Structure formats: C-alpha cells, structure tokens
Amino acid sequence: MNRKELFLRACRGQAVPRLPVWMMRQAGRYLPEYRAIRATRPFLEVCKTPELALEISLQPFRRLGVDAVIVFSDILIPAEAMGMKLELGDAGPNLPEPVRSEADIDKLRLFDAEADTGFLMEAIRMIAREVGPNVPVLGFAGAPWTLACYMVEGRTKEGFTTVKALMYERPRAFERMLKKIAQATIGYLKAQIAAGATAVQLFDTWCGELGLEDYEAFALPAVREIIAGIGGAVPVLYYTKASHHLLAAAGRSGADVLSVDWRIDLQQARATLGPGIALQGNVDPAVLFGPVETIQTVTTEAAQALGGVGHILNLGHGILQGTPVESAQLFVETGQRVEFAETTSAVPSR
Ligand code: CP3
C-alpha cells in the first residue's frame with residue numbers, strides 16, 4: 001500500500017497495516033538545510049518563491065521519510081491577500097495595522113486565490129509533480145478564529161483581550177469578519193485542491209482560548225462553513241489545540257479527521273466521538289527533547305492507541321525549534337514500524 005493510499009484510508013476511518021506519519025511544521029527551523037536557505041532569504045520571500053517552497057517542502061520527506069508532504073507556507077499568507085500589511089520577522093508574525101473597527105472589517109478583501117496567491121498553487125503543482133501519484137500532498141489554511149486572533153491582535157496575543165473585546169463588543173461585526181475569512185478560505189483551499197492537494201488541514205491553534213459557548217457561537221460555524229464549502233472534494237483535517245472542553249463540538253465540524261494534542265487521550269476521544277471521525281496526533285513535541293527510550297515508548301503507545309483504525313500519527317502541535325533531527329527521525333521511524341494485523345473487523349468505511 002503506497003503512502004497516499006495509507007493516508008486516504010486513515011482519513012476515511014479505515015484500518016491500515018501501519019499508520020501514516022508526518023509532523024506539523026515539519027518543514028522548518030530544526031532542519032539545517034532549511035536554516036541554510038533562510039540564512040540568505042527572508043521568510044515571506046521564500047513563501048512566495050515556488051522553487052524555494054518546493055525545496056523546503058521536500059526536505060523533511062527526503063531526510064525523514066515522512067508519509068505526507070505539507071506545502072511550505074504560513075497561515076498568515078491569506079491575511080496579506082485580504083489586504084493587511086504582514087511582516088514575518090525573527091520575532092514571529094506582526095501585522096502592524098491590525099483590524100480594530102467595523103471599517104477595518106469592511107476593507108478586508110475576498111481575494112482571488114490564483115491571481116493573488118498563485119505562488120502557493122504553483123508550489124503545490126511542483127510538489128505534486130515531483131513526488132508523483134503515490135505520496136499525499138497537503139494544503140492548509142488557518143481556521144477563521146485563529147486567523148482573526150492574529151489579524152486583530154497584531155503582534156502579541158496576551159490574554160487575547162483585543163480580539164475577545166471585539167467579539168464581545170461587536171458580535172455581529174466579528175461574525176461578519178469570521179464569515180469573510182471563511183469565504184476567502186474556501187476559494188483559497190479549492191485552488192490548492194485544484195493544484196493537486198490530496199487533503200487540506202485547517203489549523204485552529206487558538207480555539208482552546210474560547211469557552212464552549214463562544215466556540216460554538218463564533219469559531220465553529222466558520223469552520224463548518226469552510227468544510228461545507230469544500231464539499232467533500234478531498235478529506236479535511238481539523239487541528240485543535242487545548243480543546244478538551246470543545247471535543248464533542250469540534251467533532252461536529254464536518255472534518256474527516258480531528259487532530260488533537262497530547263492533553264487528550266486518543267482512546268477517550270474515540271469513545272467520545274465514535275468511529276465516524278478519524279483522529280490525528282498526538283505526541284507532545286517536547287517529548288522529542290527527551291531520551292531515545294522515552295521517544296520510542298511514547299511514540300509506540302500513541303501509534304497503538306487506536307489499533308490502526310482511522311488514525312494518522314502526528315505530533316500534538318508543530319515540531320519545536322531546536323528539536324534534534326535524530327529525534328524527529330526516531331519519531332517517524334518508530335511510528336512507521338508499528339504494524340497492525342489486517343483486520344476485517346474494522347469500522348465500516350464512510
Ligand atoms: O507544516 C509545515 O511544515 C508547513 C509550513 C507551516 C509554517 N507555518 C511555516 C513557518 C505551517 C503549516 C504553519 C502554520 C502556522 N503558522 C500556524 C498554525 C500551526 C501552529 O504551529 O500553531 C501558526 C499559528 C502560524 C503563525 C506563525 N508563523 C508563527 C507563530 C510563526 C513564528 C514562530 C514559529 O513558531 O515559528 C510563524 C513563522 C513560521 N511559519 C516559520 C515557519 C517555518 C518560522 C519562520 C522562520 O524563522 O524561518
């Protein structure tokens with residue numbers, strides 16, 4: 001079974017002989033070959049140069065043998081395409097003219113994905129051509145709430161007070177902002193799919209900052225709108241962080257795969273959500289700073305947790321800067337080595 005078949009079977013909730021394994025933020029700063037490119041080129045320039053994005057996307061595939069190639073880009077690229085100023089410096093992202101008023105929300109543009117972010121589509125086409133039909137290529141976008149956090153806060157997100165103030169003071173306007181982001185994201189992801197993405201992931205890194213009621217009122221409907229808008233063209237993976245209190249609600253996003261962090265027990269998540277949604281995760285990326293035996297034990301336990309049914313092995317959040325490359329390698333190899341007997345008692349396919 002090739003990597004793409006493994007990945008798609010896992011997305012559909014089916015059993016696999018071994019889990020597909022990849023790492024969020026796998027293309028990045030822990031790799032010396034990435035740092036070598038970044039030493040001479042600014043981050044946004046790299047994102048906007050398809051040849052460089054191609055090269056960086058392939059680096060973890062070549063070096064670690066991961067089972068999926070995620071295109072090198074950033075969740076903030078659409079914020080710029082919607083008309084905002086964006087700086088991605090060494091101190092992290094900065095939006096120097098953040099959204100603060102209804103007029104700012106009205107100014108946000110529903111951009112044309114091919115015309116305004118064609119560099120990303122070109123990178124995806126090049127990756128798909130390079131890896132061929134047997135390797136899944138992943139597109140992605142930020143989920144509207146998480147993107148809105150950056151667009152409203154600008155730089156720091158301490159307490160998320162600015163974005164929450166906007167949400168509480170002008171709930172209808174904030175809803176309109178999330179809807180606008182959702183509509184822009186539908187076109188953005190559809191273009192990625194047309195360019196050759198096998199599946200797409202929505203990153204909702206900051207959903208856990210919301211209580212259940214606000215999550216259900218604001219963040220979740222915008223995610224559901226995107227997933228409905230994609231209309232089942234390819235599997236959608238939905239990443240949530242610190243989402244224990246949101247788990248059942250996040251399970252209603254419409255995503256094929258819910259990606260969870262290490263705070264959530266995979267077996268409990270399966271028990272809560274049932275077999276209709278696959279799971280992705282969930283090794284703590286900090287474990288890769290631990291000793292060999294710990295990495296092997298934790299990874300093997302995570303890989304075995306769901307018996308090989310509807311499970312993509314990943315970290316619970318992006319790989320951290322400074323992670324030893326050998327530890328990343330060990331995570332991937334250990335996960336790929338866990339085998340499952342062919343079983344017909346698996347969950348019925350959806
Ligand atoms: O997964 C991949 O390898 C694809 C590339 C990718 C990047 N960012 C590259 C990147 C993806 C999928 C992202 C998503 C992203 N970006 C998220 C969601 C996932 C998460 O980690 O929570 C978020 C919140 C961002 C916003 C962002 N971009 C931050 C906070 C930062 C700076 C701090 C950091 O964690 O690196 C970035 C910059 C960024 N995006 C870098 C990379 C490789 C580092 C830039 C550099 O210095 O070279």
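Because the structure is a prediction, the values reported are computed rather than measured.
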- More than 12 heavy atoms from other groups under 6.0 Å of CD on Glu339: no

- Query: Looking only at atom types and distance, does a side-chain atom of Ser57 sit under 3.5 Å from a main-chain N or O of Phe72, one as donor and one as acceptor?
  - Reply: yes

- Query: Any side-chain heavy-atom pair from Val223 and Trp145 closer than 4.5 angstrom?
  - Reply: no

- Are Asp116 and Arg109 within salt-bridge range, i.e. N to O under 4.0 Å? yes

- Task: State whether a side-chain donor-acceptor pair under 3.5 Å links Gln183 with Glu225.
- Result: yes

- Are Leu237 and Ile193 connected, step by step, through hydrophobic side chains (Ile, Leu, Val, Met, Phe, Trp, Tyr) whose heavy atoms are closer than 4.5 Å? yes

- Message: Would Gln201 and Gln280 count as a side-chain hydrogen bond (donor to acceptor under 3.5 Å, both in side chains) here? Give the steps.
- Response: CA-CA 11 Å; Gln201 176 155 323; Gln280 176 172 264; 3.1 Å; yes

- Value rounded to 0.5 Å, distance of CG in Asn282 from CG in Leu315: 9.5 Å

- Is any NZ, NE, NH1 or NH2 atom of the basic residue among Arg176 and Glu102 found under 4.0 Å from an Asp or Glu carboxylate oxygen of the other? yes

- Evaluate the criterion side-chain contact (heavy atoms from CB on, under 4.5 Å) for residue pair Leu212 and Leu246; output intermediate values, then yes/no. CA-CA 6 Å; Leu212 177 60; Leu246 310 175; 4.2 Å; yes

- Message: I'd like to know if Lys4 pairs up with Asp67 as an ion pair, taking the criterion as any Lys NZ or Arg NE/NH1/NH2 lying under 4.0 Å from an Asp or Glu carboxylate oxygen.
- Response: no

- Where do Phe289 and Gly322 come nearest, in terms of heavy atoms and distance? CE2-O, 3.4 Å

- Message: Which heavy atom of Pro32 sits nearest to which heavy atom of Val325, and what is that distance?
- Response: CD-CG2, 4.0 Å

- Check: Arg155 side chain, Pro96 main-chain N or O, donor-acceptor pair, under 3.5 Å: no

- Message: So which atom in Leu19 and which in Gly308 form the shortest heavy-atom distance, rounded to 0.1 Å?
- Response: CD2-CA, 3.7 Å

- Query: Any side chain to side chain donor-acceptor pair (under 3.5 Å) pairs touching residues 229-255, not counting sequence neighbours?
  - Reply: Asp204-Tyr238, Tyr215-Tyr238, Glu216-Arg252, Thr240-Ser243

- Message: I'd like to know if the side chain of Thr334 and the backbone of Gln296 have a donor-acceptor N/O pair within less than 3.5 Å.
- Response: no

- Indicate the atoms forming the closest heavy-atom contact of Ala123 with Pro50, along with that distance. N-CB, 4.0 Å

- So, are Glu114 and Arg125 salt-bridged, with charged N and O less than 4.0 Å apart? yes

- Item | Worked verdict on Leu313 versus Trp22 for side-chain contact (heavy atoms from CB on, under 4.5 Å) | CA-CA 7 Å; Leu313 189 70; Trp22 70 285; over 6 Å; no

- Query: According to a 4.5 Å side-chain heavy-atom criterion applied to Ile, Leu, Val, Met, Phe, Trp and Tyr, with indirect links allowed, do Leu58 and Phe43 form part of one hydrophobic cluster?
  - Reply: yes

- Do Lys48 and Glu45 meet the salt-bridge criterion of a basic N to acidic O distance under 4.0 Å? no

- Note on the structure: Shortest non-hydrogen pair, Ala191 vs Ala113, comes out as CB-CB, 3.6 Å

- Query: Taking C-beta and beyond as the side chain, do Thr185 and Leu202 meet within less than 4.5 Å on heavy atoms?
  - Reply: yes

- Message: Looking at Lys107 and Val99, would you say the former's side chain and the latter's main chain have a donor-acceptor pair under 3.5 Å?
- Response: no

- Task: Say whether, by atom type as modelled, one donor and one acceptor occur between the side chain of Thr40 and the main chain of Ile37 under 3.5 angstrom.
- Result: yes

- Query: Is Val257 close to Leu279 at the side-chain level, that is, under 4.5 Å between some pair of heavy atoms?
  - Reply: no

- Nearest 0.5 Å, what's the SG-NZ distance between Cys149 and Lys164? 8.5 Å

- Using a 4.5 Å cut-off on heavy atoms from C-beta on, say whether the side chain of Leu64 contacts that of Gln26. no

- To the nearest 0.5 Å, tell me how far His317 NE2 sits from Phe203 CZ. 8.0 Å

- Query: Does Arg38 use its side chain to pair, donor to acceptor, with the backbone of Arg41 at less than 3.5 Å?
  - Reply: yes

- Note on the structure: Between the CG atom in Leu88 and the CG atom in Leu44, the distance rounded to the nearest 0.5 Å is 5.0 Å

- Task: Just do the side-chain contact (heavy atoms from CB on, under 4.5 Å) check on Met84 and Leu108 with the steps written out, would you?
- Result: CA-CA 8 Å; Met84 298 190 70; Leu108 295 172; 4.0 Å; yes

- Return yes if some donor-acceptor pair links the side-chain N/O of Asn94 with the main-chain N/O of Glu87 below 3.5 Å, else return no. no

- Query: What are the two closest heavy atoms between Ala269 and Ile264, and how far apart are they?
  - Reply: CB-CG2, 3.8 Å

- Message: If you define the side chain from C-beta out and look only at heavy atoms, does anything of Pro136 sit under 4.5 Å from Leu8?
- Response: no

- Is there a path of hydrophobic side-chain contacts, each under 4.5 Å between heavy atoms of I, L, V, M, F, W or Y residues, that connects Met1 with Val131? yes

- Item | Under 3.5 Å: donor-acceptor pair, side chain of Thr117, backbone of Leu120 | no

- Task: Give the cluster check for Val283 versus Val292: same hydrophobic cluster or not, with ILVMFWY residues linked at side-chain heavy-atom distances below 4.5 Å.
- Result: yes

- Just by distance, do the side chain of Gln336 and the backbone of Gly65 share a donor-acceptor pair under 3.5 Å? yes

- Message: Please check this pair: side chain of Asn314 against backbone of Met24, looking for a donor-acceptor N/O pair closer than 3.5 Å.
- Response: yes

- Side chain proximity check, Met23 to Tyr30, heavy atoms < 4.5 angstrom: yes

- Side chains of Arg18 and Val338: closer than 4.5 Å at any heavy-atom pair? no

- Query: Under a single-linkage definition using a 4.5 Å side-chain heavy-atom cutoff for Ile, Leu, Val, Met, Phe, Trp and Tyr, are Trp262 and Val21 assigned to the same hydrophobic cluster?
  - Reply: no

- Task: State plainly whether the residues Lys85 and Glu97 are in salt-bridge range, i.e. N to O under 4.0 Å.
- Result: yes

- Take Val287 and Phe331 through the test side-chain contact (heavy atoms from CB on, under 4.5 Å) and record every step on the way to the result. CA-CA 10 Å; Val287 164; Phe331 168 73; over 6 Å; no

- Query: Atom CG in Leu147, atom CD1 in Ile181: separation rounded to 0.5 Å?
  - Reply: 5.0 Å

- Query: Hey, are the side chains of Leu320 and Arg25 touching, using non-hydrogen atoms and a 4.5 Å cut-off?
  - Reply: no

- Do Glu153 and Thr162 meet the criterion of a side-chain donor-acceptor pair at a distance under 3.5 Å? yes

- Item | Interatomic distance, His311 atom NE2 to Leu306 atom CG [nearest 0.5 angstrom] | 5.0 Å

